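Below is one structure; the comments refer to it alone.
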Amino acid sequence: MDVNEILIWIVVGALAGWLAGLVVRGAGFGLLGDIVVGIVGAFIAGLLLPRIGVHLGVGFVAAVIDAFIGAVILLLLLRLVRRA
């Protein structure tokens with residue numbers, strides 16, 4: 001993993017976090033918080049999805065979709081933790 005991949009994960013994660021915050025209503029943490037959740041979700045999705053056999057392709061759009069999936073999952077998990 002090089003610096004370019006990390007920077008791409010940050011940009012893609014920011015976009016995905018913002019989109020996930022719009023989709024998962026009531027679980028958002030504000031714009032900045034959703035961006036951080038998106039970056040963490042992008043990292044999680046970038047590591048886990050290929051290992052479980054989920055490959056959506058290559059390129060920017062596939063990276064955004066992967067990160068979006070990770071961010072939505074993370075937001076839903078954080079919603080469950082918040083309610084407990």
Side-chain angles (χ1 to χ4, degrees):
M1 181 180 333
D2 61 353
V3 175
N4 289 336
E5 285 184 15
I6 293 171
L7 290 175
I8 290 171
W9 273 3
I10 290 171
V11 171
V12 168
L15 178 63
W18 176 70
L19 290 172
L22 294 175
V23 170
V24 182
R25 297 262 180 207
F29 296 98
L31 181 61
L32 188 61
D34 287 342
I35 289 171
V36 171
V37 167
I39 292 169
V40 173
F43 181 74
I44 291 170
L47 292 176
L48 292 181
L49 288 180
R51 291 190 178 158
I52 61 173
V54 177
H55 299 284
L56 298 175
V58 296
F60 184 74
V61 174
V64 170
I65 293 170
D66 280 347
F68 175 74
I69 292 169
V72 167
I73 290 170
L74 187 59
L75 279 176
L76 291 174
L77 288 174
L78 289 173
R79 179 193 282 183
L80 289 174
V81 170
R82 270 178 138 177
R83 290 188 182 187

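Reckoned from all heavy atoms, side chains included, excluding hydrogens, waters and symmetry mates. Since the model is a prediction, treat every value here as computed from it, not as a measurement.
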task: Treating Ile, Leu, Val, Met, Phe, Trp and Tyr as nodes and any side-chain heavy-atom pair under 4.5 angstrom as an edge, say whether Val64 and Leu22 lie in one connected cluster.
output: yes
query: Does one hydrophobic cluster hold both Leu77 and Ile52, with members joined at side-chain heavy-atom distances below 4.5 Å?
result: yes
query: Between CZ of Phe68 and CD1 of Ile73, what distance do you get to the nearest 0.5 Å?
result: 10.0 Å
message: Does any part of the side chain of Val11, heavy atoms only, come nearer than 4.5 Å to the side chain of Leu15, both counted from C-beta?
response: no
query: So, for Gly21 and Leu75, which heavy atoms are closest and what is the spacing to 0.1 Å?
result: N-CD1, 3.8 Å
task: Drop me the distance from Ile69's CD1 to Ile44's CD1, to the nearest 0.5 angstrom.
output: 13.0 Å
field: Minimum heavy-atom distance between Ala16 and Ala71, given as atom pair plus value
entry: O-CB, 4.1 Å
message: I need the Leu74 CG to Ile39 CD1 distance, nearest 0.5 Å.
response: 12.0 Å
